[in-house]
Each structure stands twice: as structure tokens, then as C-alpha cells.
Amino acid sequence: MSLHIVILAAGQGTRMRSELPKVMHRLAGKPLVQHVIDTASTLSPAGMHLVYGHKGEVVKEGVQGSHLHWAHQKEQLGTGHAVAQALPEIPENSQVLVLYGDVPLTSSATLQSFFQLSTGRLGILTVELEDATGYGRIVRNDQGNVVEIVEQKDANEVQRKIREINTGIMSIPAGKLKEWLPKLSNSNAQGEYYLTDVVAMAVADGTEIVTSGPEFLHEVEGVNNRIQLAALERAYQRQIAHQLMINGATLRDPERIDVRGELSTGQDVEIDVNCIFEGEVSIGDRVSIGANCIIRNAQIADDVVIEANSIIEDSVVGESATIGPFARLRPGTELGPKAKIGNFVETKKAKIGEGSKVNHLSYVGDAFVGQKVNVGAGTITCNYDGVNKFQTTIGDNVFVGSNTALVAPVDIAEGATIGAGSTVTKNVDKDQLAIARGKQRNIDGWQRPVKKS
Ligand code: UD1
Ligand code: CA
């Protein structure tokens, strides 16, 4: 039986108090509904259907997924009505898995086994809660068989004591849905077409009903307000942190790390508190990362040391390089092995060779720097004339004195030396000394101005 996944995302999410549709709020840097789509994709469904309503354009623009079918629900008349909007696109002989766009952390394994168990039957993913207030209760008979789901607002005193609840994730044969959904009535406490009413219909026509549960409770928790969003963000981050530690990274505080993308770490990596990793980041063995670093789309080789408060973006860092504290590597930075970028140094589109040092207070952009180069404090590559960008090339073993302006385009050949305070506008040949600064004059017996009393 082929699998079709229906993701319900039409609710507007009033309690978020937001311009943004609820499912577009981000968890780990990604919209809630994108988490659901990405996990659902791991089941390789024959079709994936997104039921949208409120601000559909924003949702359409903000999510990615191949073969997504969009089903518009004009008015939010209930979960049964929502599923019905997607049904015309779903072939009769398939199994429909219903997910919620605001329940982001269901694991692929949970969905996989739930789907396997429920194919050809009616499946309900359930959990037992200490406090089941607000949820649909799973009503069972004396034999323990499910007989119906009753919503909180429609439940009697006895039913409200039931602790087993409907997580909302259900699996239903499409053929049955086509039969049952048109028969739903909205004569209930909320005046809605409840998807959950199909359970009693299944009982009536002898369709087998199965239930299973997730491994962790947070897998079925939804987001209705920003407090729940924050709680699920932490649950997610804790899980990532545990995986990093299992893989051999020491986290100074696993509660104070944020991964918004894919982070891979080697062995004996040390990460101090409050670091943020975004996009795709790979980190080699024995790398040490100080507090408050932000690393986005970067490859960090073995034995690199990144000191506190450094920001690295779209960059490649070679073995045993050292960075920071307070360094900023902007896109297109490539550091060779043992290169050193010190405090208050900014680099951009800069290739910096093995063993070269830019230790303090410099800007190196649109530059190629060879090996064993020493760039003194306060060196600036003047790469921009207000319109165009120009390249600076610095050969191996060059020594650039402090407070130097290298006005690009300019080539400094290998072995050259630049005197401190120079403004270099012309190329410098191999092993030359270039000095381009005002000559010093010393005046004897200089009288300073005196204050009149
Ligand atoms: C639903 C279930 C309840 C379950 C609970 C779990 C029904 C009738 N009730 O209740 O048994 O315990 O979820 O959280 O199914 N949605 C639409 N269109 C609509 C209505 C809802 O797309 O017309 C979407 C919402 O955006 C949301 C999901 O469906 O993602 C659930 O809707 P919600 O109103 O939160 O359902 P509950 O009343 O909480
Ligand atoms: Ca809900």
C-alpha cells in the first residue's frame, strides 16, 4: 500500500500573538512545518499534502520539499474537514498518515514503525499523560479495545479521567476516509468536523484499530504559544547535545549550545558555553572552541583552536590554525595549516597560507596571502574604491609592518618587507623594502604653547 502524508497546517495560531503563521515560527533555525516535512520525507511517501489556510503565501514561500501538494482550507472547520481538502488528490488504495504542522519533533523511527503497524488498519498514536486536560481521550471497552475518541469539551466526568490521549497523529486507509469523511457531523461542543469521529465509524464497520506510542513525549508535543516553542527548542537542543557528547565532544554545558543545522564533530572536541552552529559545520578531531563563538557553514580541520567570541562564516580552516579571540572570518576565508588570525581581525575572500599570521586589528579582504607571512597590527587591504573590489597579493615570507594600508590592486612579492605606517600603492618586488610614509623631522628646542593664567 502506498503512503500519502497529510500535514495539517491551516490553523492560525492565535496564541502566538504573531503576524507570522504559527507553523512558520522557527525551531533550531527552521520553520516548524519544515521539520515535519523533512521527517515525513524520510518515509519516502508517494505523496505529501500540506493543508494550509491562514497566510498561505507566506507558508508556500517559506518551505521547501519535493512533490508537495498544496490543499487550501478556506475556513478552519475542524481536523476532519482539513483532511478532506487533501483527499481528492489521494488514490483510494493508499494509507493516509495525518501529521500536524505544529508538532515538529516526531522522530522518523516513531513514524516508520507506526506506519508499518497501521497499514491497512486505523492507527492512532497515543500517550498517557499525568494531566490530559485539553486533549481527545482514547475510550476503550472492557477488553481494552478502542471504541472512540472523545474531545475534552464533549467528554463526560468519567471520560475526563482517562489519561490516554490522542496525539493527533493518525493513520487511516484512504478508501475508508473517502467513505467516512463525508459522513462527519459538526454537532458537537465546538461545532467542528472532527477527524477523531472516524474512530467510532471504524468500530461500527469492523475496521481494525491499532495504537502505539512514541519513544519520547516531546515527539508528540505541539506548539501553541512561545513558551511551548521555547520548551521544544530546548528538548531538541538537548538531544543534539547528547549526540555530540556520545560522538566524543566535551560540552562545558550541554544546556548552553545551539545547533541550527547540521554539526558534525570529531573526537576530543571541546566546546565552551554559548556557542551557536548554523548551516553545515564540520569540525575535526581535538578542536577547541571558546565561549560565545558563532560558526556558520564552515569546515574546521583537526587541532584548530578557536578562542572566545569569534565568528566564522562560509570559511575553511586548516589544521592547527588558531583564531581569535574576537576574530571575524567572513565568507570566502580559507586558512592554511597553522595560520593565525588574532583579535579584532576581519577577513573576507582571503586565502591565507600555511603558518602566516595576522595577529591584531587588521582587515584582510580580497587577498591572497602566501606562507609564513607576518601581517602587522592595523594592516588594511584597501580593496574598495566605492564601486569596484580589487585584489591584494602577498607572497611567501613577506613582512608587513604595523599600520600599513595596502591599496589594491597591489602585489607584494615574496620576501618583501613593508615599513610600518606605509601606504602602499605600487607593487613591491621580491626581497625589496618598501617605505611609504612622511619622513620624520626632529626640531631642537621646541617650545610648547603656554597657558595664560
Ligand atoms: C486535536 C484532536 C485531539 C488531540 C489534539 C492533539 C481533533 C478533533 N482533535 O485537538 O483529539 O488530542 O489535537 O493536539 O482532531 N487544523 C487545520 N484545520 C482545521 C483545524 C485544525 O488545519 O480546521 C490543524 C491545526 O492547525 C493543528 C491541528 O490541525 O495543527 C490540530 O488542530 P487543533 O485545533 O489544535 O486541534 P485540537 O482541538 O487541539
Ligand atoms: Ca492543539
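One-based numbering, in listed order, for ligands and for the atoms of each. Bear in mind that the values here come from a model prediction, so they are computed numbers and not experimental data.
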request  = Would you check if T119 and F115 make a side-chain contact, meaning some heavy-atom pair closer than 4.5 Å?
outcome  = yes
key: Per-atom contacts of ligand 1 with L8, taking only distances under 4.0 Å to non-hydrogen atoms   = 22 (O), 24 (C), 29 (O), 30 (O)
key: Set of side chain to side chain contact (heavy atoms under 4.5 Å, CB included) partners for T250, sequence neighbours left out   = R252, E270
message = Show the atoms of ligand 1 that are less than 4.0 angstrom away from any heavy atom in D102.
response = 27 (C), 30 (O)
inquiry  = D154 vs N188, test: side chain to side chain donor-acceptor pair (under 3.5 Å). Steps then yes/no.
reply    = CA-CA 7 Å; D154 301 287; N188 50 51; 5.4 Å; no
task = Say whether T79, considering both its backbone and side-chain N or O atoms, lies within less than 3.5 Å of an N or O atom on ligand 1.
result = yes
request  = Indicate the ring-plane relationship of Y52 and W70, choosing parallel, tilted or perpendicular according to the 30° and 60° boundaries.
outcome  = perpendicular
task = Answer side chain, backbone, both or neither: which part of E151 comes under 4.0 Å from ligand 1, heavy atoms only.
result = side chain
ask   = Within a radius of less than 6.0 Å around NZ of K357, do more than 12 heavy atoms belonging to other residues, nucleotides or ligands occur?
value = no
Q95 (side chain) donor-acceptor with G120 (main chain) under 3.5 angstrom = yes
note = Quick note on ligand 1: atoms under 4.0 Å from a heavy atom of A9 include exactly 22 (O)
ask   = Touching ligand 1 at all, T196? Heavy atoms, strictly under 4.0 Å?
value = yes
message = Please enumerate all residues that pass ring-ring contact (aromatic ring centres under 6.0 Å, His included) together with H218, with sequence neighbours excluded.
response = F216
ask   = Taking both backbone and side-chain atoms of G78, is any N or O found less than 3.5 Å from an N or O belonging to ligand 1?
value = yes
key: Sub-4.0 Å heavy-atom contact, G222 with ligand 1   = no
query = Does ligand 1 have any atom that is closer than 4.0 Å to a heavy atom of T167?
reply = yes
ask   = Looking at A82, which atoms of ligand 1 are within less than 4.0 Å of one of its heavy atoms?
value = 17 (C), 18 (N), 22 (O)
message = At less than 4.0 angstrom from any non-hydrogen atom of Y194, what atoms of ligand 1 do you find?
response = 8 (C)
remark   = Min over Y52, Y100, Y135 of heavy-atom distance to atom 1 (C) of ligand 1 lands on Y100
query = So, E192 and H81: side-chain donor and acceptor under 3.5 Å apart, yes or no?
reply = no
message = Taking distance alone, with N or O pairs closer than 3.5 Å, would you say G101 contacts ligand 1?
response = no
ask   = Where on Q73 is there a heavy atom closer than 4.0 Å to ligand 1, on the side chain, on the backbone, on both, or on neither?
value = side chain
request  = May I ask you to establish whether K351 and F368 are in a cation-pi arrangement, using a distance under 6.0 Å from NZ or CZ to the six-membered ring centre and at most 45° from the ring axis?
outcome  = no
ask   = Any side-chain heavy-atom pair from L97 and F114 closer than 4.5 angstrom?
value = yes
request  = Pull out every atom of ligand 1 sitting under 4.0 Å from any heavy atom of Q76, numbered as shown with elements.
outcome  = 18 (N), 19 (C), 23 (O)
task = With heavy atoms of G136 as the reference, note each atom of ligand 1 found under 4.0 Å away.
result = 3 (C), 4 (C), 11 (O), 12 (O)
query = Where's the contact between L77 and ligand 1, heavy-atom distance under 4.0 Å: side chain, backbone, both or neither?
reply = backbone
query = Which of these, N166, D197, L32, has its nearest heavy atom closest to atom 4 (C) of ligand 1?
reply = N166
inquiry  = As an exercise, state the distance from CD of E233 to CZ of R238, rounded to the nearest 0.5 Å.
reply    = 11.0 Å
message = For ligand 1, which is the ligand I care about here, please tell me if L195 has any N or O atom under 3.5 Å from one of the ligand's N or O atoms.
response = no
ask   = Is ligand 1 under 4.0 Å from a heavy atom in the side chain of V23, in the backbone, in both, or in neither?
value = neither
query = Relative to each other, are the rings of Y236 and H35 parallel, tilted or perpendicular (30° and 60° limits)?
reply = perpendicular
